[in-house]
**Student:** 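I am attaching a structure below and will ask some questions about it afterwards.
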Amino acid sequence: MERLKDAFSRALAAALPGQDIVLERPKAGEHGDLAFPCFRAAKALGGNPAELARRLAAELNVEGAALVAAGPYLNLRLAPLDRARVLLEAILQAEPARPYGSGEPHGEVVIVEYSSPNIAKLFTIGHLRSTMIGHALVQVHRFLGARVVRLNHLGDWGTQFGTLLAAYKRWAEAENPELSRDFPWAEEIPGARRSPLFRLFQLYVRFHAEEEKDPAMRDEARDWFRRLEAGDPEARRLWSWFREISLREFQRIYQRLGVAFDSLEMGEAFYEDQIAATLQRLEASGHLVEGENGARIVHLEDVGIQAPCLLQKADGTSIYATRDIAAGLYRQRTYAFDRCLYVVGGEQVLHFQQVFAVLEKLDPWFKGRLKHTPFGLIQLPEGKMSTRKGNVIFLEDVLDEAAQRVRAVIEEKNPELPDKERVAEMLGLGAVLFFNAINDRVKSITFTWERAVALDGDTGPYVQYAHARICSVLRKAGGDWAARARPSTEPCPESAGVDYLPVEAPQDLAGLEDPAAQELLFQLGGLPEAVRSAAREGMATALARQLLAVARAFSGFYTLCPVLAAENPAAVRESRLALCLATARALRQGLYLMGIQAPEEM
RNA sequence: GCAUCCGUAGCUCAGCUGGAUAGAGCGUUGGCCUCCGGAGCCAAAGGUCGUGAGUUCGAAUCUCGCCGGAUGCACCA
């Protein structure tokens, strides 16, 4: 397909010297495989687009394909069997290191900072967005050939930590120093799991509740943070204990989600010993000036940002912007990155504008390398989630509920299924993660159980179902068809590729002339662009939707084109099996990029 | 008040570097299990793309105003 694209572009460039040649993929398969809209060129040449299209169709020649004028478009169209050959070869004969749709390794270093939960808070569905958007970006960039560094900017430093220390000293140390049992005063938060982390969280919630009545408590928290940053041994000891409690829980959840990081040690606290040097450097550059009450700030009006960036509080402690800047400098030194993507909620756009602006003032090297990838909040029908009011949805409850609903469907439809628990977990995760990815990340999502764990329609399980049915057909086909739909090794972490052994496409593709087969081929052809769109847009929306389109097209093919029917000639059977196999491979790879597994039976 | 983002079918959303009849799912209505898994397939109904201007051969897509909603605006992250 790339070859055809080049040939088409070259032919057009020769015929239209000096014109920009932009090729599109037609919206509908019946138009063809590639399209050249003639509007712009016709205008530049003073002609009419439809006429130009007709002229070009008559004059140009691209080997192996037909050029057809359709109104103002010049379409390149492959004959049905050629289209089948091109796609089947691209998918089935791909080398394991270079799966269909992947990119040449180019060595650019892309840092993705994502998930970044705060210590002592439980993982809610809110955290799922950053975690899975980030994970998909990691996968997609790897797939396209980048070297990716996965960073979790853990919220393990800052005044909020002072809050926790203050709360612990106030109530827990005397009452429950081991955090091993529930606090008598603690309100029960429905659905939460009993764990030391949960009790830490209760302390945090209580502190905020009482702080409303007694604002002086805020100073208490700030003072604990000051002591922590000053190296007070008791504060440090508690800090590392709380951190450990939290990390243990987070690790469990990451494992369940199939998400991993290059290091979990590079949270905010990691940059603590670099804060002084960072401030000095800002000082030396002349950008750091005194603000109100002796706080220190950097003015940004000159770059169009009205609010100055606060870097040192009046009490001399650091603030998150300071640590983000220290982190930026550290990453520059350590990774010499080409891009650094911050997958952080949209409420922090101003913060990142400020941080980026300060870094660019410090070193123009940063220009164009830093990118905030914001996303919308998850809201409840009754409004915002609020930890203090206890109306939060815990991620694990959502995952459990999803798996449980899947389990009920399995009992109804396929009670004989082996390994029910494992499959239910895969499908439940598929539902939740796919739902999380299918919509524009910038928009806020209103959470309802109904939709978050839906199993019908445009959902992960729909795509997984298509994959499972293909596997079922391949099993029935006998031979090693089923084995070929199975990856040859574990997925390669460096390339995010699912490795399959190359398979020769059949010589005779007679079974693939049917329009339903052609539609499936057309949708498979859209996958590489969908992956690139995901990387470009910083979200998996296009990929998720293209996978749905492939799955839907497969369902059409499956109902209209029997694969294993006894009356099928051998060539029809073989070519259709090859298309099934290609589809299964493409679906599994696509889902894998989104962090979703594809069971062979469900 | 200022800034950013959002406003497309009854509901939830795609489509937005301007281009071929504005697409899905849910819900509604009506068909499909003698045939590879009905978690499925086919069909129908349903849209002044918030609104008013502008740019353009062409605007859901770009610009500006207005209306509605979300978020943010230094000592939290």
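Keep in mind it's a predicted model, so treat the numbers as computed, not measured. We name chains A, B, ... by the order of the sequence lines, and we start the count at 1 in each one.
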**Student:** When both hydrogen-bonding distances must be under 3.5 Å and the geometry is Watson-Crick or G-U wobble, what is B:rC64 paired with, if anything?
**Tutor:**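 Pairing partner: B:rG52.
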**Student:** What do you reckon, do A:Tyr73 and the base of B:rA20 stack, with centroid distance below 5.5 Å and planes below 30°?
**Tutor:**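 Check passed, A:Tyr73 stacks on base of B:rA20.
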**Student:** Less than 4.0 Å between a side-chain N and a carboxylate O, is that true for A:Glu401 and A:Arg405?
**Tutor:**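 Salt bridge: yes.
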**Student:** Report the relative orientation of the aromatic rings in A:Phe242 and A:Tyr168; use parallel for angles under 30°, tilted for 30 to 60°, perpendicular for over 60°.
**Tutor:**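 Because their plane-to-plane angle is over 60°, the rings of A:Phe242 and A:Tyr168 count as perpendicular.
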**Student:** Under a 3.5 Å cut-off for both contacts, is B:rG23 paired Watson-Crick or G-U wobble with anything, and if yes, with which nucleotide?
**Tutor:**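 Result: B:rC13.
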**Student:** Ring centres of A:Phe8 and A:Phe36 under 6.0 Å apart?
**Tutor:**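 Ring-ring flag for A:Phe8/A:Phe36: false, centres at least 6.0 Å apart.
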**Student:** Show the distances under 3.5 angstrom between N or O atoms of the protein and N or O atoms of nucleotides 73-77 of chain B.
**Tutor:**
residue	atom	partner	partner atom	Å
B:rA74	N6	A:Glu292	OE2	2.7
B:rC75	O2	A:Ala314	N	2.5
B:rC75	N4	A:Glu292	O	3.0
B:rC75	N4	A:Asn293	ND2	2.7
B:rC76	OP1	A:Arg222	NE	3.2
B:rC76	OP1	A:Arg222	NH2	2.9
B:rC76	OP2	A:Thr159	OG1	3.0
B:rC76	OP2	A:Arg222	NE	3.4
B:rA77	OP1	A:Thr159	N	3.1
B:rA77	OP1	A:Arg323	NH2	2.7
B:rA77	OP2	A:Tyr320	N	3.3
B:rA77	O3'	A:Glu268	OE1	3.4
B:rA77	O3'	A:Glu268	OE2	2.3
B:rA77	N7	A:Tyr320	OH	2.9
B:rA77	N6	A:Tyr320	OH	2.1
B:rA77	N3	A:Gln348	NE2	3.4

**Student:** Please state the P separation for the pair B:rU17 and B:rG1 - nearest whole angstrom.
**Tutor:**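 My reading of the P atoms in B:rU17 and B:rG1 gives 32 Å.
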**Student:** Answer yes or no: is there a side-chain heavy-atom contact under 4.5 Å between A:Leu300 and A:Gln354?
**Tutor:**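 SC-SC contact between A:Leu300 and A:Gln354 confirmed.
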**Student:** Which value, in whole Å, describes the distance between the C1' atoms of nucleotides B:rG19 and B:rC62?
**Tutor:**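 Here B:rG19 and B:rC62 have their C1' atoms 14 Å from each other.
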**Student:** Sugar-phosphate atoms are those with a prime plus P, OP1 and OP2; base atoms are the rest. Using that split, label each nucleotide of nucleotides 22-37 of chain B B, S or - for protein heavy atoms under 4.0 Å, 5' to 3'.
**Tutor:** --SSS---------BB
**Student:** Using heavy-atom distances to pick each residue's nearest nucleotide on RNA chain B, tell me which of A:Gln379 and A:Pro26 is more 5'.
**Tutor:**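 The residue mapped nearer the 5' terminus is A:Pro26.
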**Student:** Any idea how A:Phe352 and A:Tyr342 line up, ring-wise: parallel (<30°), tilted (30 to 60°), or perpendicular (>60°)?
**Tutor:**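 It falls in the tilted class, 30° to 60°.
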**Student:** With C1' as the reference atom in both, quote the distance from B:rA45 to B:rA9 in angstrom, rounded to an integer.
**Tutor:**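 So the two C1' atoms sit 11 Å from each other.
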**Student:** What's the gap between B:rC41 and B:rG47 when it is taken at their P atoms, as a whole Å value?
**Tutor:**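 Those two atoms are separated by 25 Å.
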**Student:** Between A:Lys443 and A:Asp440 (salt bridge meaning N to carboxylate O under 4.0 Å), is one present in this structure?
**Tutor:**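 A salt bridge is absent here (no side-chain N lies under 4.0 Å from a carboxylate O).
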**Student:** Sort out the partner of B:rC41 for me: Watson-Crick or G-U wobble, both distances under 3.5 Å, none otherwise.
**Tutor:**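 Pair assignment: B:rC41 / B:rG31.
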**Student:** If the C1' atom of B:rG58 is compared with that of B:rC16, how far apart are they to the nearest Å?
**Tutor:**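 To the nearest whole Å, 16 Å.
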**Student:** Could you measure between the two C1' atoms, the one in B:rC49 and the one in B:rG23, and give it in whole Å?
**Tutor:**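 After rounding to an integer number of Å, I get 12 Å for this pair.
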**Student:** Just N and O in the side chain of A:Lys443: are any of them under 4.0 Å from OP1 or OP2 of B:rA14?
**Tutor:**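 Yes, within the criterion.
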**Student:** Write down the partner of B:rC5 under the Watson-Crick or G-U wobble criteria, each distance required to be under 3.5 Å.
**Tutor:**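 Pairing partner, where one exists within any strand: B:rG69.
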**Student:** What's A:Lys43 touching, base or sugar-phosphate or nothing? Going by heavy atoms closer than 4.0 Å.
**Tutor:**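 Base, at least one base atom sits under 4.0 Å.
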**Student:** Using atom P in both nucleotides, what's the gap between B:rC73 and B:rG40 to the nearest angstrom?
**Tutor:**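 Here B:rC73 and B:rG40 have their P atoms 44 Å from each other.
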**Student:** Looking across every strand, which nucleic acid part, if any, lies under 4.0 Å from A:Ile410 by heavy atom: base, sugar-phosphate, or nothing?
**Tutor:**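 The residue A:Ile410 makes base contact.
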**Student:** Cut-off 3.5 Å, no hydrogens considered: what does the side-chain donor-acceptor table look like for residues 427-434 of chain A, sequence neighbours left out?
**Tutor:**
none

**Student:** Students often mix this up, so state it plainly: with edges at 30° and 60°, are the rings of A:Tyr204 and A:His208 parallel, tilted or perpendicular?
**Tutor:**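 Perpendicular: the ring planes of A:Tyr204 and A:His208 meet at over 60°.
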**Student:** Hey, does A:Leu427 reach any base, or is it just sugar-phosphate, or nothing, if we go heavy atoms under 4.0 Å?
**Tutor:**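 Result for A:Leu427 = base.
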**Student:** Rounding to the closest angstrom, what is the interatomic distance between B:rC33 and B:rG69 at atom C1'?
**Tutor:**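 It works out to 47 Å between them.
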